[in-house]
2 protein chains.
Amino acid sequence: MKVQDLRFAVLATDVVLFSLHDDRLWVRLITTQNTHFQGMQALPGGLIGPTETADEAAKRHIEAKTSIASAKVHFEQLYTFSTIDRDPRGRVVAVAYLGFVPWERLSEVERGSTSDARWSPLKDARGLAYDHDEIVKVALARLRSRVTYTTLLQKLLPKEFTLTELEHAYEAVLGADLDKRNFRKKILKLDILKEVPNKKSGGAFRPAQLYRFATDKVIEIEVI
Amino acid sequence: MKVQDLRFAVLATDVVLFSLHDDRLWVRLITTQNTHFQGMQALPGGLIGPTETADEAAKRHIEAKTSIASAKVHFEQLYTFSTIDRDPRGRVVAVAYLGFVPWERLSEVERGSTSDARWSPLKDARGLAYDHDEIVKVALARLRSRVTYTTLLQKLLPKEFTLTELEHAYEAVLGADLDKRNFRKKILKLDILKEVPNKKSGGAFRPAQLYRFATDKVIEIEVI
DNA sequence: CCAAAAGTGTTTTTCCTACACCCATGT
DNA sequence: ACATGGGTGTAGGAAAAACACTTTTGG
């Protein structure tokens, strides 16, 4: 076997970029240029270059394909998909990533749609090109799992938030209702939140205390 | 950019193959052939071929490099390492796997050492070639984490085992002592074990009840 | 003063923890 | 009969679950 023959595969990355808005999970989708999947929706992604890591490629393609500043996005490696015929153009091995961005950090243009990219409610994100339905399925399972034993949700929330907003975030991701009083007792006892001086007066009702996470790092916690 | 330039990387797989024996974790190591790491120990692994998935390559190399039948091994994808200079020979992206094999299922030759391959206590597995120290570190963290919320340990135990053996397995992996009575109550309440009719009479003491896992599948459980 | 979400406490039940002795067997 | 690991119960404390009313604000 010649060295050239060893380099048979193209390396790519695909990103499942999540945001949380309107008590629902959203995913950023693009319109694929691949003629085999004419006009279909797909996950943003692209090739990994000779001088960059998979992480760097994921960040680069998020910027290029979805017009969202990658500095706002928290990335985690998800899984590597290496099925032989997953791309009809040839052998492409994809290192898939999870991305998380707080809706509140997005600019008007980043929230918007173009003919090339848009936010879609997660539950409508089906019928995607390639094996991207499968990737989204794995992504959601990983997200749900990690949310129960880490502080990953902070990457989907603004810096400051109310306990009700945090509870709704858990409910949206887990697809389950939580008891308000028990949730508050539990989350405060974990000692991962800091009260901030300000309150959020959102309308014709009592203003809510704002909190932030004590650290920017995603850490392991007791199970929610 | 020409198509040939896109195929710059060699794809490889490395396997952290664990076994449990003598109340300790062991890892299968090989002697690397790479001249840059002359005579050093490394994880078993090798190139991914044009007509196989990463999973298939991991299985193939475990057979070829460590003389252990891959049918006995439970594989899980660990992480993909894509640092640019991780292999001095050129760009190699490695899809790393965890492997688990019950010591009791190994044949005499599979348990043994050759000049090419051997079992090493996990805590002695340092100073490995490439970035394999790092891969082992990630592997142990993943193993410890998964053991607490899944039935993964079944892949390191024989089909039938006593509760004491199961407890010792948890203690070896987690590096912590557990209370015998509380452990038994907890694990039995989870309802994942089946009593089998036989007992294990190991010597000059009361024979122990044998159990097996109710299912071969690794499932999620409450935290141990 | 009304609508809307914020915020709070108690009781019951379940689970966790700590801890020590008798049992069945082989030699 | 003794040495060895197998096997069991209980009490006290902590955490989980279930559950409803008062507070604060804007309109």
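Quick note: numbers below take in every heavy atom, side chains included, and nothing from hydrogens, waters or symmetry partners. Each chain gets a letter, A, B and so on, in the order the sequences are listed, and its residues count up from 1.
No hydrogens or angles considered: nothing links the side chains of Asp55(A) and Gln77(A) as a donor-acceptor pair under 3.5 Å. Counting only N and O atoms by type, the side chains of Tyr130(B) and Asn34(B) include a donor and acceptor under 3.5 Å apart.
Put simply, CZ on Phe205(A) is 6 Å from P on dA5(C), counting in whole angstrom units. Rounded to an integer number of Å, the gap from CZ of Phe183(A) to C1' of dA15(D) is 17 Å. Put simply, NZ on Lys200(B) is 16 Å from C1' on dG26(C), counting in whole angstrom units. Atom pair Leu188(A):CG and dA15(D):C1' shows a separation of 15 Å (rounding to whole Å applied). For the pair Lys199(A) NZ and dA5(C) C1', the computed distance is 13 Å after rounding to whole Å. The separation between Asp179(A) atom CG and dG9(C) atom P is 15 Å, rounded to whole Å. The distance from atom CG of Leu178(B) to atom C1' of dC16(C) is 13 Å, rounded to the nearest whole Å. One can place CG of Asn182(B) at 14 Å from P of dT8(D), the figure rounded to the nearest angstrom.
The Arg181(B) side chain lies nearest to dG9(D) when the options are dC15(C), dG9(D), dG6(D).
Checked against Leu43(A) for a side chain to side chain contact (heavy atoms under 4.5 Å, CB included), the options Thr66(A), Val15(A), Val27(A) give a single hit: Val27(A).
In this structure, Lys186(B) reaches the dC16(C) phosphate: one of its side-chain N or O atoms is under 4.0 Å from OP1 or OP2. For dG7(D), one of the phosphate oxygens OP1 or OP2 lies less than 4.0 angstrom from a side-chain nitrogen or oxygen of Arg184(B). Checking the phosphate oxygens (OP1, OP2) of dG6(D), no side-chain nitrogen or oxygen of Lys180(B) falls inside 4.0 Å. The side chain of Thr164(B) places an N or O atom within less than 4.0 Å of a non-bridging phosphate oxygen (OP1 or OP2) of dG6(D).
Base contact: Lys185(A) has a heavy atom under 4.0 Å from a base atom. Within 4.0 Å (heavy atoms only), Ser201(A) reaches no atom of the nucleic acid at all.
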Would Thr151(A) and Gln154(A) count as a side-chain hydrogen bond (donor to acceptor under 3.5 Å, both in side chains) here? Give the steps. CA-CA 6 Å; Thr151(A) 57; Gln154(A) 72 176 274; 3.1 Å; yes
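The 5' end of DNA chain C is approached more closely, in terms of each residue's nearest nucleotide, by Pro207(A) than by the other of Pro207(A) and Val223(B). The residue among Arg206(B) and Gly203(A) whose nearest nucleotide of DNA chain D is located toward the 5' end is Arg206(B).
A salt bridge does not link Lys159(A) with Glu104(A): none of the charged nitrogens is closer than 4.0 Å to a carboxylate oxygen.
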